[in-house]
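Read through the structure below, which is laid out as structure tokens, and then see the notes.
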Amino acid sequence: MGKKKTAAAAAKGAAIHIGIDAAGRGAIAGGLSRLLADTYTLYLTTHNFHWNVTGPMFNSLHAMFMTQYTELWTAVDPIAERIRSLGHPAPGSYAQYAALASVPDAPSLPPKAMEMVRILVEGHEAVARTARAIFPLADKAGDEPTADLLTQRLTVHEQQAWMLRSLLED
């Protein structure tokens with residue numbers, strides 16, 4: 001019984017020894033929490049626009065927004081799990097996201113289709129800036145898994161911003 005109790009106590013309070021000190025893990029988790037909040041907020045906005053888009057480009061924008069919100073939905077889990085891997089709780093409430101996000105919430109009334117596109121361009125660019133700002137922290141700590149995650153997210157957000165921006169050109 002003593003061994004079981006000792007093993008359970010050790011597992012409950014086990015220290016994290018992954019080669020990144022507590023301060024580094026905290027700083028990276030903080031950055032990733034902002035990335036998670038931005039990603040989730042952009043997901044909600046994109047899904048909102050998918051539901052509410054109207055006009056002559058309805059079919060193409062409806063489909064494009066669905067592809068984008070599905071990708072964003074899929075992205076939140078790996079970000080949250082990386083935060084957990086670093087030993088920190090992942091934010092998961094609207095209040096936390098509102099406090100952490102740099103991406104503004106969707107407008108109360110659905111804008112016109114091209115305004116939706118412009119808002120999503122700005123959203124993807126904001127998420128890219130958030131992801132890029134975490135790189136120095138990951139680099140300093142030698143945190144390759146986070147750097148890999150950030151590279152993947154940057155690739156997606158920069159490409160989505162470019163594709164959406166292309167719709168705004170004359």
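The structure displayed is predicted, hence computed values, not measured ones. Only this structure's heavy atoms are used, side chains among them; waters, hydrogens and symmetry mates stay out.
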Are Ile134 and Leu100 connected in a single hydrophobic cluster, I mean Ile/Leu/Val/Met/Phe/Trp/Tyr linked by side-chain heavy atoms less than 4.5 Å apart?
->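 No; Ile134 is not reachable from Leu100 via cluster members.
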Identify whether Val156 and Trp73 are in the same connected component of the hydrophobic contact network (ILVMFWY, side-chain heavy atoms under 4.5 Å).
->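 No, separate clusters.
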Approximate separation, where rounding is to 0.5 Å, of [X] [atom1] and [Y] [atom2]:
X      : Y      : atom1 : atom2 : value
Tyr69  : Thr74  : OH    : OG1   : 10.5 Å
Gln68  : Gln160 : CD    : CD    : 4.0 Å
Glu144 : Leu150 : CD    : CG    : 12.0 Å
Ile16  : Asp21  : CD1   : CG    : 12.0 Å
Tyr43  : Thr39  : OH    : OG1   : 12.5 Å
Ile28  : Leu35  : CD1   : CG    : 13.0 Å

If you look at every heavy atom in [X] and [Y], which pair is closest and at what distance?
X      : Y      : result
Pro91  : Ile83  : CD-CD1, 4.2 Å
Ala80  : Leu36  : CB-CD2, 4.0 Å
Gly87  : Arg25  : CA-NH1, 4.4 Å
Gly123 : Val103 : O-CG2, 3.9 Å

With sequence neighbours excluded, what pairs up with Arg165 under the salt bridge (Lys or Arg N to Asp or Glu O under 4.0 Å) test?
->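 Testing Arg165 for salt bridge (Lys or Arg N to Asp or Glu O under 4.0 Å), a comparison that skips the adjacent residues, returns Glu125.
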Residue pairs fulfilling ring-ring contact (aromatic ring centres under 6.0 Å, His included) with at least one residue in residues 78-123, sequence neighbours excluded =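 Residue pairs with at least one partner in residues 78-123: Tyr40-Tyr97.
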Does the Asp139 side chain pair with the main chain of Phe135, one donor and one acceptor, at a distance under 3.5 Å?
->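 Checking the backbone N and O of Phe135 against the side chain of Asp139, no donor-acceptor pair under 3.5 Å is found.
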Is the backbone N or O of Ser102 less than 3.5 Å from a side-chain atom of Asp38, with the two atoms forming a donor-acceptor pair by type?
->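 Here the side-chain-to-backbone pair exists.
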Does the side chain of Leu72 come within less than 4.5 Å of Leu44's, by heavy atoms?
->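 In short, these two side chains do not touch, never coming nearer than 4.5 Å.
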Thr146 side chain near Leu137 side chain, heavy-atom distance below 4.5 Å =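 No; the side chains remain at least 4.5 Å from each other.
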Under the ring-ring contact (aromatic ring centres under 6.0 Å, His included) rule, collect the residues that match up with Phe58, sequence neighbours excluded.
->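 Phe58 satisfies ring-ring contact (aromatic ring centres under 6.0 Å, His included) with His62 only.
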Listed partners of Trp162 passing ring-ring contact (aromatic ring centres under 6.0 Å, His included), at least two apart =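 Testing Trp162 for ring-ring contact (aromatic ring centres under 6.0 Å, His included), a comparison that skips the adjacent residues, returns none.
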Inter- and intrachain pairs under salt bridge (charged side-chain N to carboxylate O under 4.0 Å, His left out), touching residues 70-88, at least two apart =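 Applying salt bridge (charged side-chain N to carboxylate O under 4.0 Å, His left out) to every pair that reaches into residues 70-88, excluding sequence neighbours, yields Glu71-Arg153, Arg82-Asp143.
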Compile the donor-acceptor pairs under 3.5 Å between side chains in residues 106-121 and protein atoms, sequence neighbours left out, one pair per line.
| unit_1 | atom_1 | unit_2 | atom_2 | d |
| --- | --- | --- | --- | --- |
| Glu115 | OE1 | Arg118 | NE | 2.9 |
| Glu115 | OE2 | Arg118 | NE | 3.2 |
| Glu115 | OE2 | Arg118 | NH2 | 2.3 |
| Arg118 | NH1 | Glu122 | OE1 | 3.0 |
| Arg118 | NH1 | Glu122 | OE2 | 2.3 |

Would a line drawn from the ring center of His50 to the ring center of Phe65 be shorter than 6.0 Å?
->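 No, ring centres 6.0 Å or more apart.
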His157 and Arg132: side chain to side chain contact (heavy atoms under 4.5 Å, CB included), yes or no, with the steps?
-> CA-CA 11 Å; His157 291 292; Arg132 187 166 273 108; over 6 Å; no
